[in-house]
Amino acid sequence: MAKAGLVPIVDFKGFLVGTAEEKLATANELLTAMKDVGFVMLSNFYDSAVTKEKVEKAFSMTKEFFSLPIDTKDGLAWQSPESNRGYVRQGRERVTQAKTKEEVEALRAAAPDFKETMEIGEDANTVSPWPNMWPKDEECPGFKAFMNDFFNDCHELHLEIMRALALAMNLGEGWFDDKVNEKAHNLRLLNYPSVESSLIANGGNRAGSHSDYGTVTLLFQDMVGGLEVQDKKGDFIPARPVHDTVVVNCGDLLQQWSNDVLKSTIHRVVLPTESRAPSPTGSGPAMTPQRNSIAFFSNPNLHQVIECIPGTGEAKYEPVESETYLVRRLTATYS
């Protein structure tokens, strides 16, 4: 099986449109990757609701949004862990494995994350009372309509991934369906602006070492690279971008749900060693290249109680409500 660093590359077409035997074989490849590494790159996923054209347009609209004036973006500012929606300016979030506010603040001061983000939730407000923070249509034409559609498309792709895992775990393909159907997810647009390379070389990261919080994350990335995945020895191994793939990784709640059968792996975003851009003026410090990515953080239904799946052995975790867990982690992450 082909790999990008540690990360296996799995052809997902067999599950989406294949025979029963092909579906099961693909599902088993996905399960093996999630058990061994916690990460996988899926190729041929365009047979799902997420098409190549939609991914390309999502990147185009992401760049358009982040090019808005800072005052416009700050007017859409993220408000609270409960809402988890809106614009997050550079330095406000510090992703980490630290659990307390004090630990995170110390890390933010010493080595901030060099990125800005836009957080988008399900727009119908059927689950959360919190509204999305949309730019005006004259500021970013078509942004709201497109991102709502893209959010729903990503939900459908995530659902196919959850079905594949359920099939391979002998739970029945639809086992997760009614536990993730409320779309309590988070679509995150990310911009890693060009900064002086020395700021990252001296201990900063574009995104610090962390695991994700929910079920599975879908990551669409450009070709700049920088994602690194921690191996079993604790070393970080580059997962260089592969054209026409989506990166999928297991989150903390899915690891707990599976009673550690599936692995939520620590990862980070750094400046690739081969990426050093000269100063735009031809003199002065070297600059990092700009990087964009789009992450879809999938979550269980907010009031779903996460308890270890029967048949996975003696439970290693106490049951926890999904929303309680997510709000606790987000509260420690943001200033």
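As the structure is a computational prediction, the values presented were derived from the model and not from experiment. Values below: all heavy atoms of this structure, side chains included; hydrogens, waters and symmetry mates excluded.
Residue Ala27 comes nearest to Ala164 through the heavy atom pair CB-O, 3.3 Å, listed as atom of the first residue, atom of the second, then distance. When all heavy atoms are compared, the tightest approach of Leu165 to Val216 is CD1-CG1, 4.5 Å. When all heavy atoms of Ala4 and Val242 are compared, the pair lying nearest together is CB-CG2, 4.1 Å. Shortest non-hydrogen contact noted between Leu253 and Ser322 is CD1-OG, 3.7 Å. Of all heavy-atom pairs between Leu218 and Ile161, the closest is CD2-CD1, 3.5 Å. Residues Pro289 and Val224 approach most closely at CG-CG1, 3.9 Å, considering heavy atoms.
By the 4.5 Å heavy-atom criterion applied to side chains, Val180 and Ser298 are not counted as neighbours. Counting heavy atoms from C-beta on, the side chains of Met147 and Thr62 come closer than 4.5 Å. Looking only at side-chain heavy atoms (C-beta outward), Ser293 and Phe220 stay at 4.5 Å or farther from each other. Proximity of Met34 to Lys263: side-chain heavy atoms (C-beta onward) are nowhere separated by under 4.5 Å. The side-chain heavy atoms of Val247 and Leu227, taken from C-beta on, include a pair separated by under 4.5 Å. Taking the side chain as every heavy atom from C-beta outward, Lys179 and Pro300 never approach each other to under 4.5 Å.
With hydrogens and angles disregarded, no donor-acceptor distance shorter than 3.5 Å links the side chain of Glu321 to the backbone of Val305. Panel note: side chain Thr245, backbone Met41; no donor-acceptor pair is recorded below 3.5 Å. Under the 3.5 Å distance criterion, the side-chain polar atoms of Asp235 are left unmatched by any main-chain donor or acceptor of Asp231. A donor-acceptor pair is defined here as one N or O able to donate and one able to accept, closer than 3.5 Å; no such pair exists between the side chain of Glu182 and the backbone of Ala184. In terms of modelled atom types and a separation under 3.5 Å, the side chain of Gln79 and the main chain of Ala77 share a donor-acceptor contact. In this structure, Arg85 contributes its side chain and Trp130 its backbone to a donor-acceptor pair below 3.5 Å. Looking at Thr265, its side chain does come within 3.5 Å of a backbone N or O of Val37 through a donor-acceptor pair.
Sorted by first and then second residue, the pairs that involve residues 154-172 and meet salt bridge (charged side-chain N to carboxylate O under 4.0 Å, His left out), not counting sequence neighbours, are Glu160-Arg163, Arg163-Asp177. Within the structure, ring pair (Phe, Tyr, Trp, His ring centres under 6.0 Å) contacts touching residues 21-50 (residues at least two apart or in different chains) are Phe39-His267. Here salt bridge (charged side-chain N to carboxylate O under 4.0 Å, His left out) pairs that include residues 56-73, with residues two or more places apart or in two chains, are Lys73-Glu116.
Met118 contributes atom CE, which lies 7.5 Å from atom CG of Leu189 (distance to the nearest 0.5 angstrom). Rounding to the nearest 0.5 angstrom, the gap separating the CG atom in Leu254 from the CG atom in Asn299 is 11.0 Å.
In this structure, the salt bridge (charged side-chain N to carboxylate O under 4.0 Å, His left out) partners of Lys316, at least two apart in sequence or on a different chain, are Asp260. In this structure, Lys35 has no side-chain hydrogen bond (donor to acceptor under 3.5 Å, both in side chains) partners at least two apart in sequence or on a different chain. Shown here are the salt bridge (charged side-chain N to carboxylate O under 4.0 Å, His left out) partners of Lys183, two or more places apart in sequence or in another chain: there are none. The side-chain hydrogen bond (donor to acceptor under 3.5 Å, both in side chains) search around Glu228 returns Arg268, not counting sequence neighbours. In this view, Ser258 satisfies the side-chain hydrogen bond (donor to acceptor under 3.5 Å, both in side chains) rule with no residue, not counting sequence neighbours. By the side-chain hydrogen bond (donor to acceptor under 3.5 Å, both in side chains) test, Asn249 is found to be paired with Asp212, residues two or more places apart in sequence or in another chain being considered. Take Asp36 and apply the salt bridge (charged side-chain N to carboxylate O under 4.0 Å, His left out) test, not counting sequence neighbours, and it matches no residue. By the salt bridge (charged side-chain N to carboxylate O under 4.0 Å, His left out) test, Lys233 is found to be paired with no residue, residues two or more places apart in sequence or in another chain being considered.
Between Glu173 and Lys23 there is a salt bridge, since at least one side-chain N of the basic residue sits less than 4.0 Å from a carboxylate O of the acidic one. At a threshold of 4.0 Å, the pair Asp137-Lys144 does not count as salt-bridged, since none of the basic side-chain nitrogens sits closer than that to a carboxylate oxygen. Ion pairing between a basic and an acidic side chain is recognised when a charged N comes within 4.0 Å of a carboxylate O; Asp252 and Arg329 show such pairing.
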Apply salt bridge (charged side-chain N to carboxylate O under 4.0 Å, His left out) to Glu119 and Arg188, showing your working. CA-CA 5 Å; Glu119 316 289 328; Arg188 168 178 286 193; 2.8 Å; yes

Let's go through Val229 and Val7 carefully: what are the C-alpha distance in whole Å and the side-chain angles of both, what is the deciding distance for side chain to side chain contact (heavy atoms under 4.5 Å, CB included) to 0.1 Å, and is it a yes or a no? CA-CA 8 Å; Val229 177; Val7 180; 4.0 Å; yes

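Under the 4.5 Å side-chain heavy-atom criterion for ILVMFWY residues, no single connected hydrophobic cluster contains both Leu219 and Tyr192. Residues Leu262 and Leu24 share a hydrophobic cluster, clusters being chains of Ile/Leu/Val/Met/Phe/Trp/Tyr side chains in contact below 4.5 Å. There is no path of hydrophobic side-chain contacts, each under 4.5 Å, that joins Ile9 to Val40. Two different hydrophobic clusters hold Leu42 and Leu6 under the rule that ILVMFWY side chains link at heavy-atom gaps under 4.5 Å.
Classification of the His155-His158 ring pair by plane angle, with boundaries at 30° and 60°, yields tilted. Using cut-offs of 30° and 60° on the angle between ring planes, the pair Tyr87 and Phe66 is tilted. The aromatic rings of Trp257 and Phe176 sit perpendicular to each other, their planes meeting at more than 60°, with 30° as the lower class boundary.
Within a 6.0 Å radius of NZ in Lys13, no more than 12 heavy atoms belonging to other residues, nucleotides or ligands are found. Within a 6.0 Å sphere centred on NZ of Lys3, other residues, nucleotides and ligands contribute 12 heavy atoms or fewer.
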Show me the side-chain donor-acceptor pairs of residues 308-315 shorter than 3.5 Å, one per line, residues at least two apart or across chains.
{"from": "Thr312", "atom 1": "OG1", "to": "Ile309", "atom 2": "O", "distance (Å)": "2.6"}

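Here the two rings, on His185 and Phe297, have centers that are 6.0 Å apart or farther. The aromatic ring centroids of Phe151 and Phe296 lie less than 6.0 Å from each other.
Trp134 and Asp123 are linked by a side-chain donor-acceptor pair at a separation below 3.5 angstrom, with hydrogens and angles left out of the test. Side-chain polar atoms of Asn181 and Asn301 form a donor-acceptor pair below 3.5 angstrom.
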